[in-house]
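Single-structure report; data block below.
Side chains are part of it too, since the values below use all heavy atoms of this structure and drop only hydrogens, waters and symmetry mates.
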Amino acid sequence: MPWQKIIEGIAKRRRLARQQGGDAAIEKHHAKGRLTIRERIAALVDKNSFQEHGKMSGAAELDEQLEIDVFSPANYVVGVAKINQRAIVVGGEDFTLKGGSPNAAGLRKSVYAEHLAIDLGLPLVRLLEGGGGSVSNAPSDPRKPQTVGSPLHELPRFQVIAQAMSRVPIVSAALGPVAGFPAGRLVASHLSIMTRETAQVMIGGPALVQRALGLRLSKDELGGAKVHARSGVVDNVVNSESEAFDVIRHFLSYLPQNSARPPIRGACDDPVDRCADELATIVPENRRHSFDVRKIINLVVDKDSFFEIAPAFGPSLVIGLARINGQSVGITANDSRHVAGAMTAAAAQKMRRQIEFCETFHLPLVNFVDEPGFMIGPQAEQAGTIRYGMAAVAAAAEATVPWASVRVHKSFGVAAAAHYGPNAYILDWPSAETGALPLEGGVAVAFGREIAAADDPEAKRAELEARLMAGRSPYQRAESFAVQELIDPRETRPHLCAWIDWNQQKIYARHDAQRFTLRP
């Protein structure tokens, strides 16, 4: 048969490439409680749907008869697969080879993943575990000529990563130690995940930190889940690789295949006229008492559809995805149980990113507003709260997606502007309050001298607050048409379901709009 020897060589190289780092390396990897990259892909995607690109990529060393003596597979696996019958691009490092630090073919395949996702217009899933560059390939003889650096005509490696964020949904999961360039890829995503016990995320590992800074830290102390759930580097922390795969599938179910398509709307078996009685009593009459805003979200959106993102970062703001009348939407809500729901520097970053994410994939945005204003005090000033806060306000001011704001309680100061896009559909609950300052702060500023001069300053303060509060009426804004409606809180879901229907043409037409650029 013509070409038989070459055909046999193809089969042999493919077989050798699938051996990864060898049985001993795979067994050692399993002993650490981690799957190999091929096992991860198989566990994530629909059965038998993975079609690998570059099946025989690697480096072959030949003997004197030009037969394979040693074969080193590319330590990055990439290809096209399906999740719930929808096509995706998926790839990740093979930690059993060089600890995931890229070899020549592996680096090319990792860069190819973003290009492939953009070219096909498919979501990109990265399953990350490995380091960045290595000095192991440094030239052994400096006297010999070397070709170094990247050609000047070559496109910058990071350009495609930035482009991908504005064009396709990207989910990245840290499933083991992730350092250097892979750590950069992790955060250049619309959702970043890490496993609680087996993953760490680091710019540089413990050895590098000790050499540069003289600090002796373990991987977990340096970049474990306890660090990065609150740093904002990672959005969601999961307990196992299996849970990570569930989260990836769940997240992608809300999103279109790319930013040129409208967001997903499916069937809804949750009655659009459902009115939960608990909504009428969930906000306490005592203005100083907090409440669980997640209960409000779950009672309003389609049953069991709320998917929270980044719960531990900037906890005074809750963000996530949900469905209303079958339509995928973005959710934001102030959590009064954390600094009264005030906008901290972290919460402001979270808000800006959520707005930009919804703009990128054309998701209508629903706000449950209980905003007392920017966080104040020395720590807030040191964190640069006002700068991050104004970035969130600016993002809201330029938003073009359909936007609904349900004022469940407070809406004060400049920070409140981050909760209202242009032409927002505004619904007030009877408990809603608005103004330049919360009543307590306004009294302290406007009547400071009078309070200080009183025989009983605290009694005087309480008297002034009570008098001003008595003069407020929830009807005035509705009567003045400063809001679309003042509603019984139990009516929130029916109003929002109707709003979704009104906006279908706008939602569908948006995918033809100019592409929005989102950065990490």
Tell me if a side-chain donor or acceptor on [X] pairs with a main-chain N or O of [Y] at a distance below 3.5 Å.
X      : Y      : result
Lys350 : Phe313 : yes
Gln327 : Ile264 : yes
Arg352 : Ala391 : no
Arg230 : Ala225 : no
Glu241 : Arg34  : no
Ser316 : Asn334 : no

- Among residues two or more places apart or on two chains, list those pairs meeting side chain to side chain donor-acceptor pair (under 3.5 Å) that have a residue in residues 172-184.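 Qualifying pairs, neighbours excluded: Arg126-Ser172, Ser172-Ser189.
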- Which residue pairs pass the side chain to side chain donor-acceptor pair (under 3.5 Å) test when at least one of the two sits in residues 336-348, sequence neighbours left out?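 Residue pairs with at least one partner in residues 336-348: Asp292-Arg337, Asp335-Arg337.
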- Message: For His190, give me all partners under ring-ring contact (aromatic ring centres under 6.0 Å, His included), at least two apart in sequence or on another chain.
- Response: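 ring-ring contact (aromatic ring centres under 6.0 Å, His included) check on His190 returns Phe357, Phe361.
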- With sequence neighbours excluded, what pairs up with His250 under the ring-ring contact (aromatic ring centres under 6.0 Å, His included) test?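 ring-ring contact (aromatic ring centres under 6.0 Å, His included) check on His250 returns Tyr254, Phe307.
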[X] [atom1]: over 12 foreign heavy atoms closer than 6.0 Å:
X      : atom1 : result
Glu221 : CD    : yes
Arg108 : CZ    : no
Leu215 : CG    : yes

- Item | Contacts of Ala244 that satisfy side-chain contact (heavy atoms from CB on, under 4.5 Å) - sequence neighbours left out |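 Expected list: Leu175, Ile193, Val238.
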- Message: Applying side-chain contact (heavy atoms from CB on, under 4.5 Å), can you list everything that pairs with Pro206, at least two apart in sequence or on another chain?
- Response: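 Here the qualifying residues are Met202, Lys219, Leu222.
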- Message: Which heavy atom of Met343 sits nearest to which heavy atom of Ala418, and what is that distance?
- Response: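 Result for this residue pair: CE-CB, 3.7 Å.
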- Query: Which heavy atom of Ser49 sits nearest a heavy atom of Lys82, and at what distance?
  - Reply: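 Heavy atoms only, the tightest pair is OG-N, 3.1 Å.
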- From Leu279, Val300, Leu299, residue fulfilling side chain to side chain contact (heavy atoms under 4.5 Å, CB included) relative to Pro489: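 Going through the options one by one, the only one that passes is Leu279.
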- Item | Matching residue for Ile331 among Leu321, Val301, Val318 - test: side chain to side chain contact (heavy atoms under 4.5 Å, CB included) |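 Going through Leu321, Val301, Val318 one by one, the side chain to side chain contact (heavy atoms under 4.5 Å, CB included) with Ile331 is satisfied by Val301 alone.
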- Go through the steps for Ile161 and Phe181 under the test side-chain contact (heavy atoms from CB on, under 4.5 Å), then give the verdict. CA-CA 12 Å; Ile161 294 176; Phe181 187 17; 3.7 Å; yes
- Thr332 and Asn367: CA distance, side-chain angles, deciding distance, side-chain hydrogen bond (donor to acceptor under 3.5 Å, both in side chains) verdict: CA-CA 5 Å; Thr332 74; Asn367 281 243; 2.7 Å; yes
With a 3.5 Å cut-off and no angle check, do the side chains of [X] and [Y] form a donor-acceptor pair?
X      : Y      : result
Glu93  : Asn75  : no
Glu114 : Gln163 : no
Arg167 : Asn258 : no
Arg323 : Ser253 : yes
Glu39  : Thr36  : yes
Thr96  : Asp94  : yes

- Mind running side-chain contact (heavy atoms from CB on, under 4.5 Å) on Phe50 and Val90 for me, showing each step along the way? CA-CA 9 Å; Phe50 181 56; Val90 60; 3.8 Å; yes
- Given side-chain hydrogen bond (donor to acceptor under 3.5 Å, both in side chains), test Arg14 with Ser57 step by step and report yes or no. CA-CA 8 Å; Arg14 286 180 178 177; Ser57 311; over 6 Å; no
